[in-house]
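Lettering of chains follows the sequences in order, A, B, ..., and the numbering in each one begins at 1. All heavy atoms count here, side chains included; hydrogens, waters and symmetry mates do not.
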Amino acid sequence: MRIIFLMLSLMLLASCSSLGVKPWERDILSKKEMQFGTNALEEGFDDHTYFSKEGSSGGRGFSSGGCGCN
Amino acid sequence: MQLRPKSKRKIGSLLARASLALICATTNVAKAQDTIVNPGAKSGYFSGKYAELKSWAKWSGEVGFLGYSETEGRVQALEPAVTINAEFENEKVWSTKLVLDSLTGASPNGALVSGQPQTFTTPSGKSNYTTKAGDIPLDDTFKDTRVNVSTSWSQPLSRTLKGSVGLNFSTEYDYVSLGLNTSLTKESDDKNTSYTAGLAYTNDKISAVGGTPIPLAAMAPSGSTQARDGSDETKSTYDLLLGMSQVINRSWIVQANLSLGYSTGYLNDPYKIVTIFDDAAGPTLGDAQSYIFENRPDKRFKQSLYLASKNNFKLGILTTSYRFFTDDWGLSSHTVESSFNYALSKKWHIEPGLRVYKQSAVDFYDFAIGNSEALPKEVTADNRLGDMMAITPSIKFIRKLQNEKEMSLILRYYSQTGDSSPSEAIGSQKGKDLFPKVDAFIVHLNYSF
Amino acid sequence: MRDSTYRFIDYQNYKAHSFFCMGGLCEVLVETSDSEESKKIFTSVYDEAKRLEIKYSRYRDDNIVYKVNNSNGKKVSIDKETYRLLKFADSMYYASSGMFDITSGVLRRAWTFDGSSNIPPQTEINPLLNYIDWKKVIFDKKSVSIPEGFELDFGGLGKEYAVDKCADKAKMVSSVPTLVNLGGDIAVTSPKKDKTPWSIGFDESLEKLSLFSGAVATSGDKNKYLIHNGKRLSHILNPKTGWPVENSPRAITVVAPNCTEAGAMSTLALLHGAKAKEFLAEEAQEYRVLT
C-alpha cells in the first residue's frame, strides 16, 4: 500500500502549492507534444504490444480490453 | 512672419481615412465567401448528404497501422486501426475505434529446450508437431484474427466536471471480451490541476481450441483422448483508475496515475505447458519426459503507479515516464520510458526514444519441473511471467500538415532477454539457451486529422 | 474545440470565450443567453483571428511574410488584403514623418526587451540601419519587392487590423452585442442590449472607460522594456537612430471608430516621445495617457 500513500501525498502537494500558469501563459502548453493523451492510437498499439510480451499491464489509462495474449 | 492657421486634426483625419480604406470592402469579401460555403461540393444527392454529414459534427480522428515482426520466423502481426471522433455542440464527443489484429507465426509453448527432439500434440488433439533437439519448442498452429470495437461518449457535466461512458468489445476465434467503463474528470478553477477517477468492468469468455485443458494434467499424445474438459471458461476483471495532472510552470506538466485491478476466473493460458524432466542421474539427466498444462491462481490483484513528465526546453520537448507494477502473484516490474521531440523545421520533427523494462517473476514461475519433485499447485513456464528485461530503442518521424493534421512513422526494436542459463539447470539442460530471446521489429504508420 | 488554451465561461446573460493568440490573451464577450448563437459568433471570430495570426506572423515559414522576407530582392505576388496593409503602412510612414517604418523589424536582432539592462552596443545597431528604409519598398496591387536583407514586419499594425476584421465577422453572423479583445486591443459591434455602453477597465488604475461603439487600442511598454541609466526604455524603436524613443509615456490608450485608427493614433503618439500628450491633444478625440 506504499503506492497509495505516495499517490495521496502527490495529490496533497499539488493542492496546497501555488503551481500553475495564468491563462495567457499557455502558449507552450498548447503544443500537441506538451499534452498527455494526444497520441491515443500510438499508445494503444504500444500498450497492446508490450502487454502481449510482458507480465505487466496498463498504467496510462484503461487498457482497451481483452485479448487472450497475457 | 505669416501665421499659418493650423488645420484641425490633420494627421487625425488622414489616419481616419487610411483606416477606413484598410478595413473597408469587408462586405464585398463576405459575399464572395458566402458562395464557397461548401468547398468541393458538387451538385447531387450524395454530395448534399456529404455536406450534411460534414456539418453535423466537428470530425477528427486517426488512421494507423502496426507491423510487428519477430526474428527467426516467430510471431508476425499486422494491425490496422482507425479512430473517429465526432464533436457536437457544448463539447460533447462521440468516439469510436476499430482495430483489426492479424497474428501469424509461432510462439513458445512453455516447454523447455531439450537435448532430444520433442513432439507435442496440437490443441485440437488431432495432430502433432515436432521440435528438433536444441530448438525452442514453438507452437505455430495459431493464426488468428481479432476484431476490437470500442465506443465512448463524453460530455461536460458542469463548468469543471466532465464525464464519460464507454463500451469495449473484442472477439477472436477462441476469446470474446465485453467491457464497460466510465470516468469523471474534474478541473480546478484555474485549469492547472485535473483529477480523474475511472471504473471499468470486463467479462471475458475463453473457448480454447479443443476445450479447456485440465490444469496440471499431462498432455496426451495426438489421436488419443485429450486431458481437456470441453467447457468454456470465464474471467471477470474490475479496474479502478485514479489520476491527476498538474501544470508546474509554463514549460512543465506532470501526470500521476494509480491503477488497481482485480481479476477472477480463468486466468491460465490454455496453450501453455510445462516440461517434466528426468532428474535421475544417468544419460538422460535433464531430458524432457512429459508435459503438463500450466495452472495459475484464479484471482489476481494488480496495482500500479505511473508518473510522467513533459518538459519544454529550447532544443525540444522531453517526455519521461516511470511505471511501478506489482501484483499478488509475486510479479513486480519497473518501466522507464523517455523520448525527446526535436523540431528539424516547422513541418518535420524527429523523436528518438528508449524504453527499459525490468520484471521479476511470479512466485509460481519455474523453467521446468523435475520428475521427482512434488507437483506444485500452481506453475507456469511462460517466459512472459519470468525474470526478464526488455529494451526498446525507437525513432519517430513526424510530418506536420495543414490544419493541425499530422503523419508519423515510428520504428522500434524490441529486445527481451531472460536468464538463459539458470543455476538450477542440470544434465542436458546445461549449455542450452533456456530463456530464448525475443527480438522484434515494430513499425507504426499513423495519420491524424 | 481542439485549442487547449480555449476557455468558456457561461454567465447566463452573456458568454465569455477566451484563447491565446497573437502573443496574448484574447477574449470574445457575447451578450446573449443563447449558447448556440454565442458559439457561432465565437467560431467566426476565432477562425478570423487565427487566419490572420498565421498569415502575418513573422515566425512561420509558410506564409506571405516568409516569402517576402526571403525573396532576395525579387518580386513576390500579394493579394488584395496584403496590398491594403502595405498602403496603410505607407500612410503611417508619411503621417509619422518616417518614424513608423515597417522595415524596422530587423532591429530586433540587436534588441531584446526583457526588463534587464542589456543594451546592445552601437556597433551592433549601425549595420542594421542600412536595412531600414520604407521608401525602398516597391509595391502595387499585385506584387511587392523589397531589397535584399530587408524585412517586413506587420506586428505594429496587424493586431488592431485583426480586431476590426473579427468584429466585422461577428457583425456578419449576428446582431447580438459582441466585444472582441485581442491582447488589450478592443472593438465592440454595438452598445449592450439595454443601450448602455461596455465598461472597459485598465490594468494600472481603477478608471473605467465607457464604449458605446467603435474601438480602444493601447500602445505602451507593458512588459517589454529595458532599464538604462535609471531610465525606462520602451520597445518602440526610432528607425532613424536604432534606439528606443525617449521619454514616451508608459502607456497611451486611444478611442476611435475602429481599432486600426485607434492603434495607429496611439502608436504615433508614442513615437512623439515627450511630446506625446501635445500630439494627442491636437489630433485625437478621446484618449488616456499613463506616464
Side-chain angles (χ1 to χ4, degrees), chain A, chain B residues 62 64 66 68 79 81 83 146 148 150 168 170 172 174-175 177 179 181 190 192-193 198 200 202 204 206 239 241-242 244-251 253 255-259 303-306 308 310 312 317 323-325 331 333 335 341 357 359 362 384-385 390 410 416 438 442 444 446:
Chain A
M1 291 303 124
R2 257 180 309 157
I3 299 183
I4 298 188
F5 176 71
L6 183 58
M7 182 72 184
L8 284 172
S9 36
L10 281 170
M11 289 171 75
L12 276 170
L13 175 72
S15 59
C16 44
S17 61
S18 55
L19 300 169
V21 293
K22 297 270 178 280
W24 54 85
E25 295 173 308
R26 285 183 173 271
D27 50 342
I28 294 174
L29 297 168
S30 66
K31 291 194 216 179
K32 184 182 176 195
E33 296 82 5
M34 280 300 286
Q35 294 172 42
F36 292 112
T38 47
N39 285 314
L41 209 63
E42 174 191 329
E43 289 178 6
F45 280 148
D46 284 335
D47 285 348
H48 180 63
T49 307
Y50 299 132
F51 174 67
S52 55
K53 291 284 144 203
E54 298 166 354
S56 318
S57 56
R60 268 196 285 237
F62 286 130
S63 29
S64 72
C67 62
C69 37
N70 180 318
Chain B
E62 295 186 74
L66 165 69
Y68 174 90
E79 216 172 290
T83 304
R146 185 176 71 101
N148 181 333
S150 55
N168 183 68
S170 169
E172 55 198 295
D174 61 353
Y175 202 106
S177 167
N181 61 71
D190 60 9
N192 285 311
T193 314
T202 315
D204 304 341
I206 303 113
D239 284 302
L241 173 73
L242 294 172
M244 63 166 289
S245 80
Q246 173 73 44
V247 170
I248 307 282
N249 61 38
R250 254 182 91 212
S251 321
I253 183 169
Q255 183 185 63
N257 287 342
L258 174 70
S259 308
Q303 306 148 66
S304 76
L305 178 65
Y306 173 81
K310 281 186 176 284
N312 181 78
I317 296 172
R323 175 189 63 182
F324 173 67
F325 177 98
L331 189 145
S333 72
T335 315
N341 184 298
Y357 177 79
Q359 168 178 299
V362 297
R384 298 174 308 182
L385 296 182
I410 308 175
Q416 184 187 100
V438 177
I442 301 172
H444 292 194
N446 191 299

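With a 4.5 Å cut-off on non-hydrogen atoms, Leu258(B) touches chain A through its backbone and its side chain both. Both the backbone and the side chain of Asn312(B) come within less than 4.5 Å of a heavy atom in chain A. Using a 4.5 Å cut-off between heavy atoms, Asn257(B) touches chain A through backbone and side chain atoms alike. Ser259(B) touches chain A through its side chain: at least one heavy atom from C-beta onward sits under 4.5 Å away, while N, CA, C and O do not. Proximity to chain A (any heavy atom under 4.5 Å) is shown, for Leu241(B), by both the backbone and the side chain.
A pairwise comparison of heavy atoms in Asn39(A) and Glu62(B) identifies C-OE2, 4.3 Å as the closest pair. Contact record, Asn249(B) with Val21(A): C-CG1, 3.5 Å, taken as the closest heavy-atom pair. Nearest heavy atom pair, residue Phe36(A) against residue Gln255(B), reads CE1-CB, 3.6 Å. Closest approach of Glu54(A) and Ala390(B) over heavy atoms only: OE2-CB, 3.9 Å. In terms of heavy-atom proximity, Ser333(B) sits nearest to Ser56(A) at OG-OG, 2.7 Å.
Evaluation of the side-chain hydrogen bond (donor to acceptor under 3.5 Å, both in side chains) rule for Glu33(A) yields Lys400(B) as partners, not counting sequence neighbours. For Gln416(B), the side-chain hydrogen bond (donor to acceptor under 3.5 Å, both in side chains) partners at least two apart in sequence or on another chain are Tyr414(B).
A donor-acceptor pair is defined here as one N or O able to donate and one able to accept, closer than 3.5 Å; such a pair exists between the side chain of Arg323(B) and the backbone of Gly58(A). Judged by distance alone, with hydrogens and angles left aside, the side-chain atoms of Gln359(B) form a donor-acceptor pair with the main-chain N or O of Gly55(A) at under 3.5 Å.
Within the 4.5 Å cutoff, the side chain of Asp46(A) has heavy atoms near those of the His444(B) side chain. In this structure, Arg146(B) and His48(A) have side chains that are in contact, with non-hydrogen atoms separated by less than 4.5 Å. In this structure the side chain of Lys53(A) reaches within 4.5 angstrom of the side chain of Tyr68(B), judged on heavy atoms.
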